[in-house]
A.B. asks: 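Got a structure here, written out as structure tokens. Questions coming.
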Amino acid sequence: VQLQASGGGLVQAGGSLRLSCVASGRTFSNYRMGWFRQPPGKEREFVAAFGWSSGTTYYADSVKGRVTISNDNAKNTVYLQMDSLKAEDAAVYYCAARMRPHNYDIVRGYDYWGQGTLVTVSS
């Protein structure tokens, strides 16, 4: 599976961005997708993910209520809508795909990773 993330950029605090991740190579529906981010100088951290059951989603506490993960299976694409952005949301954002139902919120739970897209938030 190849993952291509896009949509990052510079946004003012309080603004919005929508990240996209296009998957190719294998049947998209066999995987569950997630988003992680890596702030400067810090470790990669969980942001949001689809659960194994249809319609189930999970969010990190730090983004809950401000971020929405969604997908379009016809386009093999997963999105991350981010609203009310804060300075602490600045990071490189990565999409990832996993083949197992567990460990949706940890890096080693995922089998494939995109290249990352940079989100910068100005105050």
Side-chain angles (χ1 to χ4, degrees):
V1 175
Q2 293 79 46
L3 304 175
Q4 181 72 38
S6 63
L10 174 64
V11 62
Q12 284 190 331
S16 299
L17 274 179
R18 189 178 78 158
L19 307 183
S20 300
C21 177
V22 180
S24 60
R26 291 195 180 183
T27 305
F28 187 60
S29 60
N30 290 344
Y31 298 84
R32 295 300 181 269
M33 302 297 292
W35 287 94
F36 286 72
R37 67 187 183 187
Q38 188 163 14
K42 297 184 179 180
E43 294 186 352
R44 198 169 297 189
E45 62 185 25
F46 170 71
V47 177
F50 283 106
W52 208 251
S53 300
S54 178
T56 304
T57 54
Y58 300 100
Y59 296 94
D61 288 342
S62 59
V63 303
K64 201 170 293 182
R66 301 187 297 116
V67 165
T68 304
I69 187 172
S70 62
N71 66 341
D72 185 337
N73 285 337
K75 296 182 179 180
N76 284 1
T77 301
V78 63
Y79 303 99
L80 188 71
Q81 176 67 42
M82 303 189 294
D83 301 313
S84 303
L85 282 162
K86 305 176 181 179
E88 51 263 42
D89 294 319
V92 177
Y93 282 72
Y94 298 89
C95 59
R98 72 187 195 277
M99 299 176 64
R100 295 170 296 276
H102 308 298
N103 296 330
Y104 63 85
D105 58 349
I106 59 175
V107 171
R108 64 177 175 85
Y110 289 78
D111 305 284
Y112 302 96
W113 291 84
Q115 86 289 1
T117 185
L118 178 64
V119 173
T120 304
V121 182
S122 64
S123 55

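Numbers for residues simply follow the sequence, beginning at 1.
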A.B. asks: Any side-chain heavy-atom pair from Tyr58 and Ile69 closer than 4.5 angstrom?
C.D. replies: no
A.B. asks: How long is the span from the CG atom in Leu80 to the CZ atom in Phe36, to the nearest 0.5 Å?
C.D. replies: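 Answer rounded to 0.5 Å: 12.0 Å.
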A.B. asks: Any donor-acceptor pair under 3.5 Å linking the side chain of Arg44 with the backbone of Gln38?
C.D. replies: no
A.B. asks: Return the CG to OG distance between Asn71 and Ser20, rounded to the nearest 0.5 Å.
C.D. replies: 12.0 Å
A.B. asks: Which value, rounded to the nearest 0.5 Å, describes the distance between Arg66 atom CZ and Ser16 atom OG?
C.D. replies: 10.0 Å
A.B. asks: Got a sec: does the NZ of Lys42 have more than 12 other heavy atoms crowding it under 6.0 Å?
C.D. replies: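 For Lys42, atom NZ is not crowded (no more than 12 foreign heavy atoms under 6.0 Å).
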A.B. asks: Measure across Ala48 and Tyr59 and return the closest heavy-atom pair with its distance rounded to 0.1 Å.
C.D. replies: CB-CD2, 3.6 Å
A.B. asks: Quick check: do Ser62 and Arg37 have side-chain heavy atoms less than 4.5 Å from each other?
C.D. replies: yes
A.B. asks: Among Trp52, Phe46, Phe50, find the one that has a ring pair (Phe, Tyr, Trp, His ring centres under 6.0 Å) with Tyr104.
C.D. replies: Phe46
A.B. asks: Are Val22 and Val1 linked, directly or through other ILVMFWY residues, by side chains that come within less than 4.5 angstrom of each other?
C.D. replies: no
A.B. asks: Can you name the nearest heavy-atom pair linking Ala13 to Ser123, along with the distance?
C.D. replies: CB-CA, 4.3 Å
A.B. asks: Assigning hydrophobic clusters by single linkage (Ile, Leu, Val, Met, Phe, Trp, Tyr; side-chain heavy-atom cutoff under 4.5 Å), is Val92 placed with Val107?
C.D. replies: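 Yes, one cluster joins them.
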A.B. asks: Compare all side-chain heavy atoms of Ser24 with those of Gln4 and state whether any distance is below 4.5 angstrom.
C.D. replies: no
A.B. asks: Is it the case that Arg18 places NZ or CZ above or below the six-membered ring of Tyr79, under 6.0 angstrom from the centre and within 45 degrees of the axis?
C.D. replies: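 Verdict for Tyr79: a cation-pi partner in Arg18.
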A.B. asks: Once you round to the nearest 0.5 Å, how far does CZ of Arg98 lie from OH of Tyr31?
C.D. replies: 13.0 Å
A.B. asks: Taking only Lys NZ, Arg NE, NH1 and NH2, and the carboxylate oxygens of Asp or Glu, determine whether Lys64 and Asp61 approach each other closer than 4.0 Å.
C.D. replies: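 Between Asp61 and Lys64 there is a salt bridge, with a charged N closer than 4.0 Å to a carboxylate O.
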A.B. asks: Which heavy atom of Met33 sits nearest a heavy atom of Ala97, and at what distance?
C.D. replies: SD-CB, 3.5 Å
A.B. asks: Is it possible for you to say whether Val11 and Tyr93 belong to one hydrophobic cluster, with membership spreading through side-chain heavy-atom contacts below 4.5 Å?
C.D. replies: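 Yes, Val11 connects to Tyr93 through the hydrophobic network.
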A.B. asks: Could you pull out the closest heavy-atom pair between Ala90 and Pro40, with the gap in Å?
C.D. replies: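 Ala90 and Pro40 have their closest heavy atoms at O-CD, 3.9 Å.
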A.B. asks: About how many Å separate CD of Gln81 and CG of Leu19, when rounded to the nearest 0.5 Å?
C.D. replies: 8.5 Å
A.B. asks: Take Leu3 and Tyr94, measure what side chain to side chain contact (heavy atoms under 4.5 Å, CB included) needs, and give me the verdict at the end.
C.D. replies: CA-CA 9 Å; Leu3 304 175; Tyr94 298 89; over 6 Å; no
A.B. asks: Supply the atom-to-atom distance Arg100 CZ to Tyr110 OH, rounded to the nearest 0.5 angstrom.
C.D. replies: 10.5 Å
A.B. asks: Please report the C-alpha distance between Val47 and Met82 in whole Å, then the side-chain angles of each, then the deciding distance to 0.1 Å, and finally whether the side chain to side chain contact (heavy atoms under 4.5 Å, CB included) criterion is met.
C.D. replies: CA-CA 11 Å; Val47 177; Met82 303 189 294; 5.8 Å; no
